[in-house]
Protein chains: 2
Amino acid sequence: MVKPSGQTAPDTKTRILDAADEIFVRRGIDGARMQEIADQAGVNKALLHYHFRSKADLARAVWHRIASSFVPGILHMMASDLSLDEKIDQFVDAYHRRLTRHPYLLPYVISEAARHPDLVDNLYSPERRQAARHMIDKLREQIDAVAKARRIAPVSAEQFFITLAGSCLYPFVARPMISEALGLSTTKFEGFMERRRRELPAFLKRALQP
Amino acid sequence: MVKPSGQTAPDTKTRILDAADEIFVRRGIDGARMQEIADQAGVNKALLHYHFRSKADLARAVWHRIASSFVPGILHMMASDLSLDEKIDQFVDAYHRRLTRHPYLLPYVISEAARHPDLVDNLYSPERRQAARHMIDKLREQIDAVAKARRIAPVSAEQFFITLAGSCLYPFVARPMISEALGLSTTKFEGFMERRRRELPAFLKRALQP
DNA sequence: GTCTATACTCTGATAGAC
DNA sequence: GTCTATCAGAGTATAGAC
């Protein structure tokens, strides 16, 4: 559910999109049933095909909406004039808050991206790609500056960004396996993640500026 | 494809299992077709139901085999008497080598684990759970020892293990999104990952022993 | 725009011969 | 154990009334 929760009652098309979002994210595209989406939206199944020609089209529409709500905000923050430390704090904090509320979202994005490569093409428009490049350039400047001040070798900006993303996002992706491996109940896992939100930024900063 | 490639020609049941492995991993359980698995195995579709009662049972068998090939080796290595640095090196190296060869494997595990929670129950037997606990304890000892020598606060062993896993595994999980975000062609992504395999261990060690 | 009814396809599963 | 043939159910999509 990555719907912009506006004030006015949503029209049918939006209600279908909201419903499809929820069902697709929960069951996966292949596992989702048009009937279940119709039920969730409180409309007839045929109406889904009226507004969105096919299941694949509906899936594309949902995917596009998720991408639009996910990517630009983070790109903007990471390209801003915030300090490196603040960026790390905000990145970790933003994703922890967000993904805690939507635990199915990331596994959904991962699995559909792996299985339906065409969906990924819509993730980055040329402008967004340009913004991503700019973000990395900005990050590189900051990392180099810090490294120079500390007289240590700088790490690659791309590598650092993926390390940041990976260490932050992986628990949301692999939650069931982690719970099993570490023997964490639901409550304990939540405690683990809360602690992680507080401690991970310090760990990453330390690697960057020893 | 996590088949133990033995010498003798595999019997039919194993051939089916190998085929199912490949198809399930590529298409997901819901997206996989019994017919395609049968074709891949070079046998009749009915034979699948003779050896494995249903599609769900076949999926469980495949899942179990993947888990058995994935988990114990890493647990054993991480619980060994290798130094902390060597463990980081080996963890990163082992997964990079392995997942480069089987790029679909991890997204498959992630998505099926999220969608079919019962599958995860089979991942860790009581003995394996015990081994995992022992591994974490051993890791904690080593981290504490290093921290004490350097007069810094130790990080949580659980947190470190997940950070190690996340920063190492995430690129294999989110490859399509990363390629899009950083504008990497297939060749460039491979270069990126090769560089990562070399540089990530140093980054992690630095955070642990600044 | 929204519904009812239905066509048609796909696919998991079984029966039964060899 | 392996195959051929077939069924039953599920699920996407469409036709057509309102």
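Throughout, protein chains are lettered first and strands after them, A, B, ... in sequence-line order, and every chain is numbered starting at 1.
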Checklist line | C:dG12 OP1/OP2 closer than 4.0 Å to side-chain N/O of B:Arg33 | finding: yes
Item checked: Nearest-Å distance for atom pair NE2/C1', residues A:His51 and C:dC3 -> 12 Å
Check: What is the distance, rounded to the nearest whole Å, between atom NZ of B:Lys13 and atom P of D:dG1?
Finding: 8 Å
Check: CG of B:Asp39 versus P of C:dC10: gap in Å, rounded?
Finding: 15 Å
Margin query: For a quick check, tell me whether the side chain of A:Lys55 and the base of D:dG11 share a donor-acceptor pair closer than 3.5 Å.
Written below: no
Next item on the list: Determine: side-chain N/O of A:His49 to OP1/OP2 of D:dA13, distance under 4.0 Å, yes or no.
Entry: yes
Item checked: Nearest-nucleotide comparison on DNA chain D, the residue closer to the 5′ end among A:Lys45 and B:Lys45 -> B:Lys45
Notebook entry, point to check: For B:Asp11 and D:dG1, what is the distance between atoms CG and C1' respectively, to the nearest whole Å?
Noted result: 12 Å
Check: Under 4.0 Å between a Lys/Arg side-chain N and an Asp/Glu carboxylate O for A:Glu194 and A:Arg197?
Finding: yes
Note to self: Using a 4.0 Å heavy-atom cut-off, does A:Ala32 contact any base of the nucleic acid, only the sugar-phosphate backbone, or nothing at all?
What the structure shows: sugar-phosphate
Check: Parallel, tilted or perpendicular: which fits the ring planes of B:Phe91 and B:Phe161, with parallel below 30° and perpendicular above 60°?
Finding: perpendicular
Check: Between D:dA15 atom P and A:Asn44 atom CG, what is the distance in whole Å?
Finding: 16 Å
Check: Does NZ or CZ of B:Lys55 fall inside the cone over B:Phe24's six-membered ring, less than 6.0 Å from its centre and within 45° of the axis?
Finding: no
Check: Does A:Ser54 make a side-chain N or O approach to OP1 or OP2 of D:dT12 shorter than 4.0 Å?
Finding: no
Item checked: Whole angstrom value for the distance that separates P of D:dA13 from OH of A:Tyr50 -> 17 Å
Check: Parallel, tilted or perpendicular for B:Tyr95 and B:Phe70, by the 30°/60° rule?
Finding: tilted
Margin query: Whole angstroms only, please: what is the CD1-P distance between B:Ile23 and C:dG12?
Written below: 12 Å
Notebook entry, point to check: Whole-Å distance between C:dT11 C1' and B:Glu36 CD?
Noted result: 13 Å
Notebook entry, point to check: C:dG1, D:dT12, C:dA13: which one has an atom nearest the side-chain heavy atoms of A:Leu47?
Noted result: C:dG1
Item checked: Charged N-O contact under 4.0 Å between B:Arg15 and B:Asp18 -> no
